[in-house]
Amino acid sequence: LDNLSGLISQRLAVLNNRILLRQEQGIQAATNAVASHEGSDLMQQVWRGIAEMKDTENRFLTQRRQAAQDAGETALMVILIGSTLACVIGLVAIIFIRRDLAARRRIESSLEHERHLLDALMDNAAEDIYFKDRESRFVRINRHHAKRLGLGSPAEAAGKTDFDFFTEEHANQAREDEVEVMRSGKPVAKEEKETWPGGRITRALTVKLPLHDESGKVIGTFGLSRDV
């Protein structure tokens, strides 16, 4: 641009000189100056400079368009990659969720099956089956045991102890056996003498075992008794 400005200034100076020659020396001197091609050469240089400026401007515009196109393609690629990753992550999440739900359904089905088996045992066994906490309070008993204790349903035994159904002679011995089972962690098998209020006496073969929670901690006892 500076070079072109200089050429234009030179061209204007030539034209100004021709005007001065015509004014001072006449038209012939001006004609001779034109014949020297000095102004024509400058004008050609000016046109070449303008052409070069146009070429430079075109190259610059082309570069800008290419840069904008590249930036657009890059942005589009980033968007496509991001969308693809989001879809992949979403699919993986769906797969894991479906697997988790399927695993939960299997576990729930297994637990339901085990619960059904336990209920069938508790409802139909011809022996006394019972579960107690660490204070020897009944947590659950089966129907046969509820009937022997004179209860209308197994649920009525919850929270009660042997002291609510037997004399202290049998209740104390039962409590001692259960404390020992919880202390040692070992089962006890014996023939029990059951003394009832009113003087009735029965005998039963009993097995008592420690009851553990999921972590292995002893939380009570459970047992099975059969009349003899």
Fellow cluster residues of Phe165, listed by chain then number, with links counted only when side-chain atoms sit under 4.5 Å apart: Tyr130, Phe138, Ile141, Leu149, Leu151, Phe166, Trp196
Donor-acceptor contact present, side-chain Asn142 to main-chain Glu127, <3.5 Å: yes
Hydrophobic cluster membership, Leu118 vs Leu211, 4.5 Å side-chain cutoff: yes
Just by distance, do the side chain of His170 and the backbone of Thr195 share a donor-acceptor pair under 3.5 Å? no
Under the criterion side-chain contact (heavy atoms from CB on, under 4.5 Å), which of Arg137, Glu135, Arg175 is the partner of Thr161? Arg137
Taking the side chain as C-beta and beyond, is there a heavy-atom pair between Ile201 and Glu169 under 4.5 Å? no
Same cluster (ILVMFWY, side-chain, under 4.5 Å), Val207 and Val181: no
The reported gap from CE in Met122 to CG in Leu117 (rounded to nearest 0.5 angstrom) is 13.5 Å
Going only through I, L, V, M, F, W and Y residues with side-chain contacts under 4.5 Å, is there a path from Val179 to Phe163? no
Do Glu176 and Asn172 have side-chain N/O donor and acceptor atoms under 3.5 Å apart? no
Looking at Asp213 and Lys217, is any side-chain nitrogen of the basic one under 4.0 Å from a carboxylate oxygen of the acidic one? no
Working to the nearest 0.5 angstrom, can you tell me the gap between Leu224 CG and Ile129 CD1? 5.5 Å
Which value, rounded to the nearest 0.5 Å, describes the distance between Asp128 atom CG and Asp227 atom CG? 6.5 Å
Review item, side-chain donor-acceptor pairs of residues 95-114, under 3.5 Å, at least two apart:
unit_1: Asp100; atom_1: OD2; unit_2: Arg104; atom_2: NE; d: 3.1
unit_1: Glu112; atom_1: OE1; unit_2: Arg115; atom_2: NH1; d: 2.6

Which pair of heavy atoms, one from Val139 and one from Ala158, lies closest together, and at what distance? O-CB, 4.5 Å
In the structure I gave you, are the side-chain heavy atoms of Arg143 and Pro154 within less than 4.5 Å of one another anywhere? yes
Which pair of heavy atoms, one from Gly185 and one from Pro210, lies closest together, and at what distance? O-CG, 3.4 Å
Ion pair Asp119/Arg140, N-O distance below 4.0 Å: yes
Heavy-atom neighbours of Glu156 CD exceed 12 at 6.0 Å: yes
Do Lys147 and His144 have side chains that approach each other closer than 4.5 Å (heavy atoms only, starting at C-beta)? no
Indicate the atoms forming the closest heavy-atom contact of Ser225 with Glu192, along with that distance. OG-OE1, 4.5 Å
Can you tell me if NZ on Lys193 sees more than 12 non-hydrogen neighbours from other groups inside 6.0 Å? no
Flag for Glu178-Thr221: side-chain donor and acceptor within less than 3.5 Å: no
Looking at Arg134, I'd like to know if its CZ atom is crowded, meaning that more than 12 non-hydrogen atoms belonging to other residues, nucleotides or ligands lie closer than 6.0 Å. yes
Please determine whether side-chain contact (heavy atoms from CB on, under 4.5 Å) holds for the pair Glu194 and Asp162, giving the CA-CA distance in whole Å, both sets of side-chain angles, and the decisive distance to 0.1 Å. CA-CA 10 Å; Glu194 301 172 329; Asp162 287 327; over 6 Å; no
How long is the straight-line distance from OG of Ser136 back to CE of Met182, given to the nearest 0.5 Å? 5.0 Å
